[in-house]
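Beneath this line is the structure, given in C-alpha cells, with notes to follow.
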Amino acid sequence: MSQDTQIGGAVMEPAIVERSQIILVGFSFFGDPFATSGGWTEENEIGRLWNRFSAYVAHHGERIKHVKDPQVGYEVHIWQEETAATGHFEVFVGVEVARLEDVPVELSVKLLPPTTYAVFTLQGDQITSDWPKTIYSEWMPESGYQAAHSFMFELYDQRFKGMKHLDESALDAYIPVK
C-alpha cells in the first residue's frame, strides 16, 4: 500500500522497493550532530563528516576497493536505544562497494540488511524541510507501514548539486519499512 504525503509543500508518493544487502565503506560520527550548528550546513558534524570523507577520497580514494559508483554517496542515520532521550545517534557517510577487500583501518564498514524501503525523492526546499518528522509521524501511520529497522539513509548522486545549490538539487531518502 502506498499513500501520498506532503513534504515541503509538495505532495509526494514514495516508491516501494526491495534492496539486497548494501555494503558501505566510509566514516562515522556518534553524538548530537547539530550541537555546534543546526540545519543543513557544513559547520555541523554531518557537514564536517562529509568534508572529512571527501578529503580522504580525494587523497586516498584508490585505497577503497570495488566501489560500485564513485559518484554516489550514502548518509546513514542510525538510532540507538538512548537516541530519543539524548538526541545522540550515529551518522555514517560513505560509498557502496561490491565486496570487502583490504579495507583501510581508518575507515568503517556498514552492512545494511536486505529489506523493503519507501523511497522519497526530495527536491529543492524539500531537502531542508523537516521531512523525517513528516514521514515518520504522518506518512507512516497513514500508509499502513511500520519502521523495519532503526536506520534510514539518504542517497546522493549526480542530481545533488551541493550545499550552495540546494534549490537545484534532488536526493533520495530510503526509509526501511515492513
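These numbers were taken from a predicted model, which means no experiment stands behind them.
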**OP:** Provide the closest heavy-atom pair for A173 versus M152 in the form atom of the first, atom of the second, distance.
**Re:** CB-CE, 4.4 Å
Original post:
What pair of heavy atoms forms the shortest contact from V91 to E75, and how long is it?
Top reply: CG1-CG, 4.1 Å
Original post:
About how many Å separate OG of S108 and CZ of F29, when rounded to the nearest 0.5 Å?
Top reply: 13.5 Å
Original post:
Where do V72 and E96 land on the side chain to side chain contact (heavy atoms under 4.5 Å, CB included) test, with the steps shown first?
Top reply: CA-CA 8 Å; V72 176; E96 184 176 8; over 6 Å; no
Subject >> Minimum side-chain heavy-atom gap F27-L107 below 4.5 Å >> reply: yes
Original post:
Same hydrophobic cluster for I64 and V93, using side-chain heavy-atom links shorter than 4.5 Å among ILVMFWY?
Top reply: yes
**OP:** Fit a plane to each ring of Y117 and F151, take the angle between them on a 0 to 90° scale, and name the class: parallel (under 30°), tilted (30 to 60°) or perpendicular (over 60°).
**Re:** perpendicular
Original post:
Can you check side chain to side chain contact (heavy atoms under 4.5 Å, CB included) on V76 and K110, steps first, answer last?
Top reply: CA-CA 9 Å; V76 185; K110 291 293 178 192; 5.7 Å; no
Subject >> Residue pair E101 / K65: nearest heavy atoms and the distance that separates them >> reply: O-CG, 3.4 Å
Original post:
Which value, rounded to the nearest 0.5 Å, describes the distance between L122 atom CG and I135 atom CD1?
Top reply: 6.5 Å
Original post:
So, for A148 and K178, which heavy atoms are closest and what is the spacing to 0.1 Å?
Top reply: CB-N, 3.9 Å
Original post:
Do the rings of W139 and F120 sit parallel, tilted or perpendicular, given the 30° and 60° boundaries?
Top reply: perpendicular
Original post:
Can you check side chain to side chain contact (heavy atoms under 4.5 Å, CB included) on I78 and T83, steps first, answer last?
Top reply: CA-CA 9 Å; I78 306 159; T83 298; over 6 Å; no
Subject >> CD1 on I46 to CG on N51, rounded to 0.5 Å >> reply: 12.0 Å
Original post:
Above 12 or not: heavy atoms from other molecules or residues under 6.0 Å from CD of E81?
Top reply: no
**OP:** Verify the cluster assignment for L166 and L171: are they in a single hydrophobic cluster under the rule of side-chain heavy atoms below 4.5 Å apart?
**Re:** yes
**OP:** Taking the side chain as every heavy atom from C-beta outward, state whether D172 and Y156 have any atom pair closer than 4.5 Å.
**Re:** no
Original post:
Taking atom OH of Y145 and atom CD1 of I175, what is their separation to the nearest 0.5 Å?
Top reply: 13.5 Å
Subject >> V25 and H66, any side-chain heavy atoms less than 4.5 Å apart >> reply: no
Subject >> Residue pair A98 / I23: nearest heavy atoms and the distance that separates them >> reply: O-CD1, 3.8 Å
Original post:
Hey, any chance V57 and V109 share a hydrophobic cluster, counting ILVMFWY side chains that come within less than 4.5 Å of each other, even indirectly?
Top reply: yes
**OP:** Calculate, to the nearest 0.5 Å, the distance between atoms CG and CG belonging to D167 and D125 respectively.
**Re:** 8.0 Å
Subject >> L112 vs Y174, side chain to side chain contact (heavy atoms under 4.5 Å, CB included): CA-CA, chis, key distance, verdict >> reply: CA-CA 12 Å; L112 304 183; Y174 282 71; over 6 Å; no
Original post:
So if you build clusters from Ile, Leu, Val, Met, Phe, Trp, Tyr with side-chain heavy-atom gaps below 4.5 Å, do I127 and F153 land together?
Top reply: no
**OP:** Answer whether the closest heavy-atom distance between the side chains of R159 and T121 falls below 4.5 Å.
**Re:** yes
**OP:** Search all heavy atoms of R19 against all heavy atoms of Y74 and return the closest pair with its distance.
**Re:** NH2-OH, 3.5 Å
**OP:** Answer yes if F30 and W79 sit in the same cluster of Ile, Leu, Val, Met, Phe, Trp and Tyr residues linked by side chain heavy atoms under 4.5 Å apart, and no otherwise.
**Re:** no
Subject >> Between OG on residue S54 and NE2 on residue H59, distance to nearest 0.5 Å >> reply: 11.5 Å
Original post:
Does the side chain of Q158 reach to within under 4.5 Å of the side chain of Q71, using non-hydrogen atoms?
Top reply: no
**OP:** Evaluate the ring planes of Y56 and F53, with Trp represented by its six-membered ring, and classify them as parallel (under 30°), tilted (30 to 60°) or perpendicular (over 60°).
**Re:** parallel
